[in-house]
Amino acid sequence: MLIRNVSLFYGKDLNYIVKTNVRISKKYVESIGGGLVPHSKEKVIDCEGLLMMPGFVNSHIHIGDSIGKDVGINSDVESKIHPVNGFKQRILKNSEISHLTNFIRNSCISMIRKGITTFIDFREGGLEGVNILKNASSGIPIRPIVLGRINYYQDSKLIKKNHSLPESKKIDLKSLVKNCNGLGISGPNEFSDSVLKYFSKQKIMRAIHSAETEESNRISKKTTQKTETQRALLAKPNLLIHMTYASKSDLLLAARNKAGVVVCPRANGALAEGIPDVNLMMKAGCNLTIGTDNVMINSPDMFREMDYLWKVSMGMNKTRISPKSILKMATANATNTLGNKIGTIQRNSFADCIFIEKHAIDLEPMHNPYAAVVHRASENTIRAVMFEGEIVHGKF
Ligand SMILES: [Zn+2]
């Protein structure tokens, strides 16, 4: 397929090309260039007036709690989503699998309509939880990256004793690792150093919540005399989730250890738990991406996430951030963790793309294409979404 006369955010740096052609072959971008001409019998689509950009990567979501939208809206973070005592756990346990599955499917469909083609999910409930998500998302044109976890948490007594992972749980972990894309560790406050180090040895992607609240940082210092982030890094994570209350030295440590940081600004705001300081994170050299976190407390919409993060950060710090930096957080920065085929449009990347209407009434005249996408575009300005070379939403 040859896409002609399209505007493009190209490559890892999202360079804006006013007009070019893109050849898609099977699932991939084969070539890009103004000089490309159609092969005989090749399907040609004229995309004059459209801006082609990478599909969004939602780098942190708990899609499993889609059934609990806005339940207990006024309660605090611990009573809502604590991995052991939160009432989210009760909702998941007491819901029928078919109901959980339906609402997970709906969230997948909702994300495609909003241009999200890949999501990284923190899946609770052990292997069973992983299988519910796999089953719910099967046949839907979206790429779930499933980070599972074992049903095991330690209290502060076991953490202080540096209790190791019980043998039976090592067996559970082994079969979990075989059946998902990575480990989604609830946080360092639920595990001893020994267990976190055991997680670090698993040959699979690892992500962990860290410094989401002032309270979680305080608990870590009280129990272990270390910050939550210092301990989270024992698991050698590819991704640290939140880091809203990480200090400058924690952020520098994260950057030195090549752990990416996923910020979830609207979820933090919704829980009355602050705003991540992306200026400080960028200065520390962290690779930043964005997630929408629990569907229970926030909608899986990267347009809204970018708009909120951009403005709230500038308002708080009285310093401008380039809209391109924000857009990269929602797309291209994810390639560093997920491999070069996801989050960018360049040769050999997956053909996961959004086609934005440049002449939509909300966007025209488009003087700054990055700003237009970051704070004016929405689901309504999408003409079509492509996943692995197929149009899966909208049409030309
Ligand atoms: Zn989370």
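In listed order, ligands and their atoms are each counted from 1. Source: prediction; values computed, not measured.
Counting only protein N, O or S atoms, 4 lie closer than 2.8 Å to the Zn ion (ligand 1).
Residue pairs satisfying the side-chain hydrogen bond (donor to acceptor under 3.5 Å, both in side chains) criterion with at least one member in residues 87-96, sequence neighbours excluded, are listed as follows: Asp65-Lys88, Lys88-Glu124.
Between the side chains of Lys258 and Asn336, not a single donor N or O lies within less than 3.5 Å of an accepting N or O. Using modelled atom types, one finds a donor on one side chain and an acceptor on the other under 3.5 Å when comparing Arg266 with Ser299.
Shown here are the ring pair (Phe, Tyr, Trp, His ring centres under 6.0 Å) partners of Tyr16, two or more places apart in sequence or in another chain: Phe9. With sequence neighbours excluded, no residue forms a ring pair (Phe, Tyr, Trp, His ring centres under 6.0 Å) with Tyr153.
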Quiz item: Are Asp250 and Thr227 close enough, and set up right, to give a side chain to side chain donor-acceptor pair (under 3.5 Å), and what steps lead you there?
Solution: CA-CA 8 Å; Asp250 283 336; Thr227 68; 2.9 Å; yes
